[in-house]
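In listed order, ligands and their atoms are each counted from 1. Quantities reported herein were computed from a predicted structural model and do not represent experimental measurements. All values below come from the heavy atoms of this structure, side chains included, with hydrogens, waters and symmetry mates left out.
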Amino acid sequence: MCNLIDGKKIASSVREKIKTETDELKKKGVTPGLAVIIVGNNPASRVYVNNKKKACEQVGFNSYEYALKEETTTKELLELIDKLNNDNNVDGILCQLPLPGSIDENAVLNAISPDKDVDAFHPVNCGRLFIGNQKFLPCTPAGIMEMLKYCDIDVSGKNCVVIGRSNIVGKPMAMLLLQSNATVTICHSKTRNIADITKKADIIVAAVGKENFLTEDMVSDGAVIIDVGMNRNAQGKLCGDVDFENVSKKASWITPVPGGVGPMTITMLLKNTLTSAESRIK
Ligand code: GUN
């Protein structure tokens with residue numbers, strides 16, 4: 001029988017620690033502050049932003065929301081970021097992606113001060129990750145590493161396969177696994193015979209964005225399965241990239257969707273914001 005990696009439970013244990021550290025920091029006169037920018041009316045982004053604000057409240061952070069209209073220009077957004085970069089009450093700045101097509105996303109991500117870039121999307125922070133000298137960890141991959149650690153799943157020397165090569169998940173995930181001495185393969189939409197590769201994996205991280213992408217025949221007995229997918233099926237139900245029902249019969253450990261990776265991503269955002277706030281008194 002396969003073990004469930006309970007992201008909700010692990011997230012709540014990490015958030016307890018964050019809350020305790022926040023209480024200590026507040027005694028020294030520092031309340032961590034996160035600025036969250038949302039542009040336009042993407043309903044999924046609205047849900048994510050609400051969850052992030054709620055999580056801030058729970059651990060005692062200040063959160064500042066900037067909800068901008070769809071027609072906002074790149075220049076207006078850059079002016080807001082400049083203001084937040086210089087605001088001493090703001091430790092972290094997060095601009096919810098995707099942005100409307102008319103906005104220059106690269107210019108926006110480059111404008112956030114690397115010292116307040118709690119998503120770790122700025123090229124400086126990507127570079128720091130590449131050389132293993134990071135200040136902020138990319139939230140979803142860091143959340144996954146935390147889950148593996150919590151479940152005592154050692155990645156050193158293991159064959160780890162990451163499916164997906166996005167800047168948000170796939171690439172930084174591969175970097176963190178490599179830093180922990182895994183042997184890492186990244187698969188993507190042009191990879192030939194993915195199943196031949198995944199069948200040799202001890203650990204699979206699926207970050208594809210397609211319902212039921214990872215099926216039972218692609219997985220070896222005892223593999224650890226991490227599902228980053230956040231898809232809606234035909235019935236509108238939230239589901240991941242993994243055929244959970246059948247893959248869980250072969251896996252040793254598996255994350256559910258919902259209640260797996262999702263709660264950990266926000267937890268790591270809180271951790272990065274706390275790290276940033278702590279540097280105010282260092
Ligand atoms: N859109 C989807 N995931 C993320 C994330 O982790 N951070 C931001 N800023 N936008 C996202």
Side-chain angles (χ1 to χ4, degrees), residues 7 11 14 33-56 61 63-68 72 74 77-78 80-81 84-85 90-101 103-126 129 134 136-147 162 164-176 205-210 226-232 238 240-241 257-258 260-273 275-276:
V14 179
L34 177 68
V36 183
I37 305 170
I38 176 168
V39 186
N41 308 305
N42 182 321
S45 290
R46 174 38 70 195
V47 173
Y48 292 137
V49 164
N50 287 350
N51 288 342
K52 287 170 187 180
K53 279 169 40 192
K54 206 157 67 185
C56 281
F61 292 4
S63 73
Y64 312 100
E65 180 182 304
Y66 296 84
L68 308 181
T72 302
T74 302
L77 193 45
L78 293 181
L80 170 62
I81 290 170
L84 297 171
N85 280 340
V90 171
D91 299 289
I93 303 169
L94 177 150
C95 187
Q96 188 64 30
L97 303 180
L99 288 166
I103 291 181
D104 181 347
E105 187 171 297
N106 269 333
V108 169
L109 298 184
N110 287 351
I112 295 174
S113 162
D115 292 329
K116 296 192 178 188
D117 171 38
V118 285
D119 263 323
F121 289 168
H122 191 286
V124 164
N125 287 321
C126 298
L129 175 66
Q134 57 269 17
F136 299 125
L137 290 167
C139 299
T140 299
I144 292 169
M145 296 306 289
E146 196 75 33
M147 290 170 119
V162 178
R165 53 174 158 176
S166 70
N167 290 335
I168 297 186
V169 182
K171 285 188 223 170
M173 185 75 247
M175 282 297 145
L176 288 187
V205 179
V208 186
K210 280 191 191 141
I226 308 291
D227 191 348
V228 186
M230 283 275 203
N231 314 301
R232 295 266 166 203
L238 193 64
D241 292 343
V257 176
V261 174
M264 290 305 292
T265 296
I266 299 187
T267 304
M268 293 300 113
L269 174 71
L270 299 174
K271 196 170 172 184
N272 283 341
T273 306
T275 301
S276 180

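Polar contact with ligand 1: absent for T265 (N/O pair, distance under 3.5 Å). Considering backbone and side-chain atoms together, L97 places an N or O closer than 3.5 Å to an N or O of ligand 1.
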- Using the side chain to side chain contact (heavy atoms under 4.5 Å, CB included) rule, take M173 and T140 through it: C-alpha gap first, then chi angles, then the decisive distance, then the call. CA-CA 8 Å; M173 185 75 247; T140 299; over 6 Å; no
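At the top of the distance list for atom 11 (C) of ligand 1, counting protein heavy atoms only, stands Q96 NE2, 3.4 Å. In terms of protein heavy-atom proximity, atom 3 (N) of ligand 1 is nearest to I168 CD1, 4.3 Å.
No part of P98 comes within 4.0 Å of ligand 1, judged by heavy-atom distances.
With a 4.5 Å cut-off on side-chain heavy atoms, V14 and M268 count as touching. Annotation: side chain of L84 is in contact with side chain of Y66 (closest heavy-atom distance under 4.5 Å). Within the 4.5 Å cutoff, the side chain of F121 has no heavy atoms near those of the N167 side chain. Taking the side chain as every heavy atom from C-beta outward, L238 and M230 approach each other to under 4.5 Å.
A salt bridge does not link K54 to E65: none of the charged nitrogens lies less than 4.0 Å from a carboxylate oxygen.
Using a 4.0 Å cutoff on heavy atoms, C139 does not count as a contact of ligand 1.
With L99, L109, V36, D119 as candidates, the residue nearest to atom 7 (N) of ligand 1 on a non-hydrogen basis is D119.
Atoms of ligand 1 found under 4.0 Å from any heavy atom of F121 (numbered from 1 in listed order, with element): 5 (C), 7 (N), 8 (C), 9 (N).
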